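This structure is a prediction, so every number in the text was calculated from the model and none was measured. Both ligands and their constituent atoms are indexed starting at 1 by order of listing.
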Amino acid sequence: MKNYNEKLRDIPAVDKILNCERCKLLTQIYGHNLVVEAINIALKLLRKKILINQDMKIPSSEMLCQKVEGYLREEMSPCYKRVINGTGIILHTNLGRSILSDKAREAVDIASSCYTNLEYDLEEGGRGERYDHVEGVITKLTGAESALVVNNNAAAVLLVLNTMARGKEVLVSRGELVEIGGSFRIPEVIKLGGVKLVEVGTTNRTHLKDYQDAINENTGLILKVHTSNYKIMGFTKSVERGDLSSLAKKAGIPFVEDLGSGTLLDLKNYGLNDENFVQDVIKTGVDVVTFSGDKLLGGPQAGIILGRKEYIDSMKNNQLTRALRIDKLTLAALEATLREYLCTEKVVNNIPIYRMLATSLEELQGKGEKIKKCLLGIRNKVEVEVEVVDTRAQMGGGSLPGQSIPSLGIIIKLKNCTPIELERKLRKQTIPILGYIEKNNYVLDLRTLLPGDEEIIIKSIYDIMLEEKNIAEGK
Ligand SMILES: *Cc1c(COP(=O)(O)O)cnc(C)c1O
């Protein structure tokens, strides 16, 4: 028997592997350097294996090539990729919140592949402002005097506080000192903005008088924060924005609202309440309001700041604005999304999150029955049970807490595969499928599926069924 060193000498040399036909092809696709790197990794692994098992057969160059190809494929396939959302949460923060409209996607495509008038004034033939592209449309839609857009709503709140109240006090109800998504905490952002937080009222009840009593010559502004991701129930009281606005006006200080999730549509028509309706917020007389671009607006990640021109102008002059500025691809998507709202009768159909929200239960039933029929059609492979069931879908993304809408889902049961295993297997597919387990059933909500997702789900379950069958038959 050969010893370790002799065995190592039998391993094909890098050049030999490089010269086999398959590897030549790989070099054409991926380039010489990456292929050599992959070969070296494959060989290193092989040497390790030989060290553990000196009796092992040394693989041929061709076999090693296969390993190299597998490695290259993995290295080149994106880690950040498409998934299928069967969670029933339309704006799922971990799944990228909103999906863009067709027009928004086209705009991103152009802005990413062509030169644009990003900061160029085509009328005057000189330097322009990137914010000008959206300010007109958004003020028209909302009735606001002026507008500015930044990287996200967290940036918007920071910029507003830093510009309007640096070195001063800001009044916030104790019921509104929220944390959003683990990293955005109102007290921390206030501190970062160079502003002093003055808490008013209590956790469950805050009265107008609490604000009144806290106002002094150092007060910079009153801030109202939308409690986006939770609701306090029971003995509660918060002050209406109209009353806060009047109080601020009397005291000669600005009133600002962090709306979190703002919508330009009145959601009453969808069985949801309308507390996030931006037009109403503006009408009530807030001086400045901020909200996200990728929550109920259905656009890209962005922070939208609306309000009085004098305040927006000073924000534009704040050095922070440069650091927080919106990038050109996002700006393109945001402008296109906003223009969708100009076609009032079409917007629900054109913005994907609203199309999902408005899909009828009949349509969902049809989708569910189709998946069920396909899966039951291949039942002879492995036993599968499919059931279309009532579910509740949510808007999500820290908007409309505690509110849900009727939806439908499918329960999938495979023989020899627990719901937990099925969840894991579907999550590990090339296009991962994300559902949830409820009452020991694996459920995929149909409302958050996109066109074409059904086929992928059916194919994936079919693959898992085949795999199960092969295992059961000992193949
Ligand atoms: C979501 C949210 C934020 C953070 O917005 P991003 O766009 O995610 O930065 C801030 N405040 C409130 C009230 C929110 O709901």
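A distance of 9.5 Å separates NZ of K191 from CG of L197, quoted to the nearest 0.5 Å.
Close contacts between ligand 1 and H226 involve ligand atoms 13 (C) [criterion: under 4.0 Å to a heavy atom]. Using a 4.0 Å cut-off to heavy atoms of S292, the atoms of ligand 1 that qualify are 5 (O), 6 (P), 7 (O). Listed by number with element, the atoms of ligand 1 under 4.0 Å from a non-hydrogen atom of F184 are 10 (C), 11 (N). The contact set between ligand 1 and D258, taken as ligand atoms under 4.0 Å from a residue heavy atom, comprises 10 (C), 11 (N), 12 (C), 13 (C).
When only interatomic distances are considered, the shortest N/O to N/O separation between N153 and ligand 1 falls below 3.5 Å. At a 3.5 angstrom cut-off on N or O pairs, A154 counts as close to ligand 1. On a distance-only criterion, R97 and ligand 1 share at least one N/O pair closer than 3.5 Å. Checked against a 3.5 angstrom limit, the closest N/O atoms of S261 and ligand 1 fall outside it.
With hydrogens and angles left out, the side-chain atoms of T93 and R97 include a donor and acceptor closer than 3.5 Å.
The backbone N or O of S238 sits nowhere less than 3.5 Å from a side-chain atom of T206 that would complete a donor-acceptor pair. The closest donor-acceptor contact from the side chain of R447 to the backbone of G88 lies at 3.5 Å or more, if one exists at all. Proximity of a side-chain donor or acceptor of N276 to a complementary backbone N or O of G262 within less than 3.5 Å is not detected. Listed for the T321 side chain is no donor-acceptor partner under 3.5 Å among the backbone atoms of N317.
At a heavy-atom distance under 4.0 Å, only side-chain atoms of K295, from C-beta outward, approach ligand 1.
Around the CD atom of E240, the shell of radius 6.0 Å holds no more than 12 heavy atoms that belong to other residues, nucleotides or ligands.
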